[in-house]
Amino acid sequence: MDPLRQPREEFVKVLGEVSRELGLPEVPEVERTRRYGFFSARFHKYKVDHSRLAEVVNLIKNKRFEFLSSLSVDGLYLNADLNVSKVAELVFEAVVKMGRKYGFTEECVTGSYLVEHTSANPVHPLHIGHGRNAILGDSLARLLKFCGNKVETHFYVDDCGVQVIYAAMGYNAVKDEVKKRIEKSKPDVVIGHVYSATNAVAEIGRLKKELEKAQDDERKREILREIDEWVAVLKRLMDSEGDIISKIAEELRRRDLLNEAVELNRRYESGDPEAKGVVREVVDLVLKGQRETLARLGVEIDKWDYESELTVWSSEAMRIVSELQKRWPQYIEIKGGAVVFRADKFVQDYNLWDVLDLPRFIPPVTLTRSDGTTLYVTRDVAYALWQARQGFDKVIRVISTEQTHEQAHVRIILYALGYVDEAKKIVHYAYEMVNLPGMKMSARRGQYISLDEILDEAAERSASLVKEKNPEVSGVIAERVGVGSVRYAFLSTSPRKPIEFKWDVVLNLRQNSGTFLQYTYVRAYSILEKAGEIGNVPVPENMLAEERELVLKIAEWPSVVKEAAKSLRPDYVAEYLDGLALVFNSYYEKAPVLKAEESVREFRIALVNAVKTVLEAGFYILGIPTLTKM
């Protein structure tokens, strides 16, 4: 139910008639630039004479149209405005018929999707960067589901590698203390401190050994500065988890943590039962905390995929390395016992840039360490192959732009192994980072702003903001306003642009924020709650300028949804909703609805209902909680 379909078809017929008169081989495409009219078409590439185009249009411009109100020529543009009253009838019909599904059209059904997102390391809480990943991935899934596509969301649990091993070693050293602590605190927060402290102790031990071997005084001073930095990390962590951090430092400082970590990792990757128990216990504790954070955001994950199970214990990662060595020995190098694939040469020789949508620079990729254990990228190839075989048309991997080369390596290796279709199914949905003014983050050093901290502050600030208008605001409302503001902040910018996270922007009540949209929804809801049932809707001949703009804006909604789904751009939805809210609030200030004259009252109520309906659909896609009061 697209209110613009019939007007567009009528304009296409006009274009066909004009094209035939001009003797053109095809009909120009319809554009919606609103530069000269609601619909436009360019005749530039056909080398048409302007006066001839104007002459042909003049012959038909006075015809009786059902949905078009006028035709005009500007240069080599043919433009058409719409009969807004007729479009309003189509809008109200579609809203009544589709309800909250208004915006859906068959054109936005594009296939089936596996969407992998968040996939944070299970060693600390989700931080603000993970927030953008989780919200982007969740909204992509919501957008595609709204369009009638089959969608399944996955979280890749990266339970292999040194980071997880350090968390497990630290946890094992202070297990009793941690268990007591997590009775009063989120487990991912406590384990995050344990991980950072263990990493600090390991780095201090490594640097002390390096200091013993150093001959150059300048190098010694440099090492001492690094040691001081890691000692400062431990002291800072003690402010949060004093007893636990002190015991970790005492228990681990005399041990060779680097070699212990390598050995425990080797045992875990080989499937040793004792190593499994140690590592999985700490991983599951962190995931419990991360699930709680995702639940606050309204994010649901369908399946949790463990790296160890799908890629390591199955021997799939090692099979991939072995097969690659057999197929392409000319692109394999051994460096210090490590296996390296010359992906750069392979791409160059087979000219794969456009085939796999690759960045222009491709470096070689190391597949195994010198001890034979696999690296993250190798395991990621195995996981990508598993994803591509799950029966979906596309696999969307929401991963930051920092991993652009690694994700390119995944597709290149799949292609090299003969999995061409599988490689082409993989979509790296890249996004830029979130910057907090004055904050430099490092998870290894325990320096990050957790997503829970952001949500807590958003709720606190929202409560203060909303209480100015409603002193009786509840904590539940403040939480939902905070969640809406954070989600919108992460979705309103193109994924390829960095976000500068500023509270005065995030909680702006006047425009371009989740809070602004929620406030707009409450206004519409309040009117409709008092209006009662919506009856027949006579469309007045004369409308206010804001009413005409609202009608056309609401009519555009299905087209916005279609383009957002096609381009995988939830920010298109956010931008549209902000524009709709701006027009509606301007209208709200100027035009009475409930106290309007009888001749326009029902029309205005129906118009408000259409705005509310679109906001509800948009809120579902963006994951913004709906509120009936603020």
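Excluded from the calculations below are hydrogen atoms, water molecules and symmetry mates; all remaining heavy atoms, backbone and side chain alike, are included.
- Of all the heavy atoms in Q387 and L114, the pair that sits closest is NE2-CD2, 3.9 Å.
- Note that SG of C160 and CG of N121 are 11.0 Å apart. Values are rounded to the nearest 0.5 Å.
- In this structure, the ring of F361 has its center less than 6.0 angstrom from the ring center of H405.
- Ionic pairing of R291 and E300 is not present here: no N-O contact between side-chain nitrogen and carboxylate oxygen is shorter than 4.0 angstrom.
- More than 12 heavy atoms of other residues, nucleotides or ligands sit less than 6.0 Å from atom CD of Q390.
- Paired with Y383 under the rule side-chain hydrogen bond (donor to acceptor under 3.5 Å, both in side chains), one option of T311, D158, D305 passes, and it is D305.
- By the 4.5 Å heavy-atom criterion applied to side chains, S139 and L136 are not counted as neighbours.
- Considering V299, N133, T293 in turn, T293 is the only one that fulfils the side chain to side chain contact (heavy atoms under 4.5 Å, CB included) rule with L126.
- By the 4.5 Å heavy-atom criterion applied to side chains, H428 and R411 are counted as neighbours.
- Atom NZ in K394 sits 9.0 Å away from atom CD1 in I396 (nearest 0.5 Å).
- In this structure, R142 satisfies the cation-pi test against Y620, with its NZ or CZ atom closer than 6.0 Å to the six-membered ring centre and inside 45 degrees of the ring normal.
- Within a 6.0 Å radius of NZ in K175, more than 12 heavy atoms belonging to other residues, nucleotides or ligands are found.
- For E460, the CD atom counts as loosely surrounded, since its 6.0 Å shell holds 12 or fewer non-hydrogen atoms of other residues, nucleotides or ligands.
- Taking the six-membered ring for Trp, Y415 and W353 have ring centres at least 6.0 Å apart.
- Ring geometry, Y350 versus W328: the interplanar angle exceeds 60°, so the pair is classed perpendicular (tilted spans 30 to 60°).
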Would you sort out whether E177 and E241 count as a side-chain contact (heavy atoms from CB on, under 4.5 Å), showing the intermediate values? CA-CA 10 Å; E177 289 80 359; E241 305 286 352; over 6 Å; no

Walk me through it: do D380 and Q407 pass the test side-chain hydrogen bond (donor to acceptor under 3.5 Å, both in side chains)? CA-CA 9 Å; D380 205 19; Q407 293 307 304; 3.1 Å; yes

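- Minimum interatomic distance between P570 and Y429 (heavy atoms only, all atoms of both residues): CD-OH, 3.6 Å.
- A heavy-atom distance below 4.5 Å is not found between the side chains of H124 and S196.
- Shown here is E402, whose CD atom has no more than 12 heavy atoms of other residues, nucleotides or ligands within 6.0 Å.
- For the residue pair S494 and D571, no side-chain donor N or O sits within less than 3.5 Å of a side-chain acceptor on the partner.
- Looking only at side-chain heavy atoms (C-beta outward), F501 and N435 stay at 4.5 Å or farther from each other.
- In this structure, R379 contributes its side chain and E307 its backbone to no donor-acceptor pair below 3.5 Å.
- Residues F155 and Q290 have side chains in contact (heavy-atom distance under 4.5 Å, counting atoms from C-beta outward).
- Put simply, the side chain of K276 reaches to within 4.5 Å of the side chain of Y268, judged on heavy atoms.
- Taking the ring centre of Y113 as origin, the terminal cationic atom of K150 falls outside the region bounded by 6.0 Å and 45° from the ring axis.
- Taking CD1 from I182 and NZ from K186, the interatomic distance works out to 12.0 Å, rounded to the nearest 0.5 Å.
- A donor-acceptor distance shorter than 3.5 angstrom exists from the side chain of N149 to the backbone of T110, with no hydrogens or angles considered.
- The CG atom of L352 sits 6.5 Å away from the CG atom of L358 when rounded to the nearest 0.5 Å.
- Between K326 and E323 no salt bridge is recorded (no basic side-chain N to carboxylate O distance below 4.0 Å).
- Side chains of L264 and M169 form a contact here, defined as non-hydrogen atoms less than 4.5 Å apart.
- None of T373, L375, V321 except one satisfies the side chain to side chain contact (heavy atoms under 4.5 Å, CB included) rule with T368; the exception is V321.
- The two residues D138 and G298 have their closest heavy-atom pair at OD2-O, 4.0 Å.
- With contacts defined as side-chain heavy-atom distances shorter than 4.5 Å, the pair H409/P363 qualifies.
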Derivation and outcome, side-chain contact (heavy atoms from CB on, under 4.5 Å), residues H154 and V115: CA-CA 6 Å; H154 287 237; V115 179; over 6 Å; no

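- Within a 6.0 Å sphere centred on CD of E218, other residues, nucleotides and ligands contribute more than 12 heavy atoms.
- Between Y331 and F346, the distance separating the two ring centers is shorter than 6.0 angstrom.
- S450 places a side-chain N or O within 3.5 Å of a backbone atom of E453 that can act as its donor or acceptor partner.
- A salt bridge is absent between K502 and E500: the closest approach of a Lys/Arg side-chain nitrogen to an acidic carboxylate oxygen does not fall below 4.0 angstrom.
- The line from NZ of K208 to CZ of R253 is 7.5 Å long, rounded to the nearest 0.5 Å.
- R280 forms a cation-pi arrangement with Y306, by the criterion of a distance under 6.0 Å to the ring centre and an angle within 45° of the ring axis.
- The environment of CG in D256 is crowded: more than 12 heavy-atom neighbours from other residues, nucleotides or ligands sit within 6.0 Å.
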For the pair I454 and W503, evaluate side-chain contact (heavy atoms from CB on, under 4.5 Å) and give the outcome as yes or no after the intermediate values. CA-CA 10 Å; I454 291 292; W503 286 112; 4.3 Å; yes

side-chain contact (heavy atoms from CB on, under 4.5 Å) between V262 and D371, intermediate numbers included: CA-CA 9 Å; V262 169; D371 65 0; 3.7 Å; yes

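- The closest donor-acceptor contact from the side chain of R397 to the backbone of E116 lies at 3.5 Å or more, if one exists at all.
- Annotation for K220: atom NZ counts as buried by contact number, over 12 foreign heavy atoms lying within 6.0 Å.
- Using a 4.0 Å cut-off between charged side-chain N and carboxylate O, E183 and K179 make no salt bridge.
- Here the straight-line distance linking atom CD1 of I165 with atom CG of N199 works out to 13.0 Å at 0.5 Å rounding.
- A donor-acceptor pair is defined here as one N or O able to donate and one able to accept, closer than 3.5 Å; no such pair exists between the side chain of S185 and the backbone of R181.
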Could you walk me through whether Q325 and S322 satisfy the side-chain hydrogen bond (donor to acceptor under 3.5 Å, both in side chains) test, starting with their C-alpha distance in whole Å, then the side-chain angles of each, then the deciding distance to 0.1 Å, before giving a yes or no? CA-CA 5 Å; Q325 286 177 297; S322 177; 5.1 Å; no

